[in-house]
Amino acid sequence: MFLLLMTKKRRLRIASYNINGINSRLAVLTRWLAEFQPDVACLQELKCTDEVFPREAIEAAGYSAIWHGQRSWNGVATLSRVGEPVETRRALPSDPKLEQSRYLEAAVCGILVGNMYAPNGNPRPGPKFDYKLEWMDRLHEHAAGLLGSGVPAVLIGDFNVIPSDRDVYKPERWLKDALFAPEARERYEQLVAQGWTDAIRHLHPDERIYTFWHYWRNSFQRDAGIRIDHALLSPSLAKKLKSAGVDRTPRGWEKTSDHAPIWVEVEA
DNA sequence: ATGTCTGGCCCGGCCAGA
């Protein structure tokens, strides 16, 4: 019995949640942390400056955190209840718009966690779409370096890319959208092809899986969604993948985000 | 085509971004 306990491997639950305004969703966030109990939680779209990040509420929930905010838009934070995240970088190398808070990388429990919020890119064509593609090119370069280093790593967050027809309720409605643009989908495909494992799709190859539903026209009730939040695992971490999915529960709450959290469980 | 939210501006509805 003693031996059994000693050799029992524990699981680490790493989640990602585009919270769409951390201060206006604080009740949703703390409820989700309490109910879902992620060990690591990567948040995107904080929409707050560093000064007004709700550190006390996060700590009261049992998490230590690092964050990179920005006025009005973007913003990423990495929360952990399994040791303080050790920050390794707070932007992609050579991001063409460094003032945008879109990437926060940290070591937690021996895993390198890249928390990302890729540009939306609409309207297409235009400068915002150009920036989306440039940003994805920078991500591609950086991700290749991570794989080359051999470190167990996960790239997790809002990629703002619908990878395939299976990931959208009506593909024909999204043909002109930056999230479903061939140029963006190609880049996502090429990124995965470096050797990353799209954890949720890998474990659920045939399911319709969505992570985002518009607020309007009862999209969530009709399940008219898209899959744009992803978790990519490096080969060494993919070997330890046990389960992965989308937690749709908080999407049904009052005053909630338009995204649902995603999660992976790996053997620690 | 529509639709719904948030934050900013600077105090009451608009605008941009998503």
Side-chain angles (χ1 to χ4, degrees), chain A residues 16-32 42-55 57 67-77 95-104 115-136 139 157-163 167-181 183-185 187-188 210-230 246 248-262:
Chain A
S16 170
Y17 194 1
N18 180 321
I19 197 70
N20 189 14
I22 191 168
N23 281 311
S24 53
R25 314 285 185 205
L26 198 51
V28 167
L29 175 63
T30 53
R31 180 178 172 190
W32 173 68
C42 296
L43 308 178
Q44 304 90 31
E45 277 206 83
L46 304 182
K47 295 186 175 179
C48 72
T49 57
D50 284 341
E51 292 73 26
V52 297
F53 180 85
R55 184 173 60 86
W67 59 91
H68 187 197
Q70 183 183 330
R71 181 171 297 280
S72 306
W73 314 116
N74 311 322
V76 282
D95 185 338
K97 294 190 180 181
L98 267 178
E99 71 280 7
Q100 300 200 9
S101 303
R102 295 188 173 278
Y103 187 80
L104 184 60
N115 174 5
M116 29 173 307
Y117 178 53
N120 176 292
N122 280 305
R124 163 179 174 256
K128 290 183 178 173
F129 187 65
D130 295 340
Y131 174 52
K132 180 192 186 86
L133 299 185
E134 286 173 44
W135 197 92
M136 293 187 76
L139 177 65
D158 181 355
F159 285 67
N160 266 318
V161 175
I162 303 167
D167 302 311
V168 49
Y169 68 105
K170 273 189 181 177
E172 64 274 17
R173 293 232 174 150
W174 289 81
L175 289 175
K176 292 179 181 173
D177 197 284
L179 278 58
F180 200 45
E183 302 93 326
R185 293 170 59 189
R187 279 167 174 79
Y188 181 80
Y210 304 136
T211 67
F212 169 94
W213 302 259
H214 274 301
Y215 286 122
W216 57 71
R217 291 175 84 92
N218 290 317
S219 298
F220 184 60
Q221 287 75 8
R222 295 185 296 117
D223 200 23
I226 55 177
R227 187 172 78 98
I228 55 175
D229 299 85
H230 310 300
V246 179
R248 296 168 66 106
T249 308
R251 184 60 182 80
W253 294 344
E254 291 294 310
K255 302 276 288 177
T256 197
S257 170
D258 39 10
H259 291 250
I262 63 164

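Residue numbers begin at 1 in each chain, while the letters A, B, ... track the order of the sequences.
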### Query
On DNA chain B, nearest-nucleotide positions of K128(A) versus W216(A): which is more 5'?
W216(A)
### Task
List the protein contact pattern of nucleotides 5-14 of chain B with one symbol per nucleotide (5' to 3'): B for base contact, S for sugar-phosphate-only contact, - for none; contact means a heavy-atom distance under 4.0 Å.
SSSS------
### Query
Taking the same atom, P, in dG8(B) and in dT2(B), what whole-Å distance lies between them?
28 Å
### Query
Taking only residues two or more places apart in sequence or in another chain, which ones pass side chain to side chain contact (heavy atoms under 4.5 Å, CB included) with T249(A)?
D247(A), W253(A)
#### Entry: Separation of dG3(B) C1' from W174(A) CH2 (nearest whole Å)
12 Å
### Query
Should the ring pair H259(A) and F212(A) be called parallel, tilted or perpendicular, given that the plane angle runs from 0 to 90° and is split at 30 and 60?
perpendicular
Run the side-chain donor-acceptor check on residues 170-181 of chain A: report pairs under 3.5 Å with partners two or more places apart or on a different chain.
{"residue": "D177(A)", "atom": "OD1", "partner": "N122(A)", "partner atom": "ND2", "Å": "3.0"}
{"residue": "D177(A)", "atom": "OD1", "partner": "L179(A)", "partner atom": "N", "Å": "2.9"}
{"residue": "D177(A)", "atom": "OD2", "partner": "N122(A)", "partner atom": "ND2", "Å": "3.3"}

### Query
Partners of R124(A) by salt bridge (Lys or Arg N to Asp or Glu O under 4.0 Å), sequence neighbours excluded?
E183(A)
#### Entry: H230(A): partners by side-chain hydrogen bond (donor to acceptor under 3.5 Å, both in side chains), with sequence neighbours left out
R227(A)
### Task
Rounded to whole angstrom, note down the C1' distance from dT6(B) over to dA1(B).
23 Å
### Message
Heavy-atom nearest nucleotide on DNA chain B for R173(A) versus N122(A): which residue maps closer to 5'?
### Response
R173(A)
N/O donor to acceptor pairs below 3.5 angstrom from side-chain atoms of residues 213-220 of chain A, sequence neighbours left out:
{"residue": "W213(A)", "atom": "NE1", "partner": "D223(A)", "partner atom": "OD1", "Å": "3.0"}
{"residue": "Y215(A)", "atom": "OH", "partner": "N20(A)", "partner atom": "ND2", "Å": "3.0"}
{"residue": "Y215(A)", "atom": "OH", "partner": "R25(A)", "partner atom": "NH2", "Å": "2.7"}
{"residue": "Y215(A)", "atom": "OH", "partner": "T256(A)", "partner atom": "O", "Å": "2.9"}
{"residue": "Y215(A)", "atom": "OH", "partner": "D258(A)", "partner atom": "N", "Å": "3.1"}
{"residue": "S219(A)", "atom": "OG", "partner": "H214(A)", "partner atom": "O", "Å": "3.4"}
{"residue": "S219(A)", "atom": "OG", "partner": "W216(A)", "partner atom": "O", "Å": "2.7"}

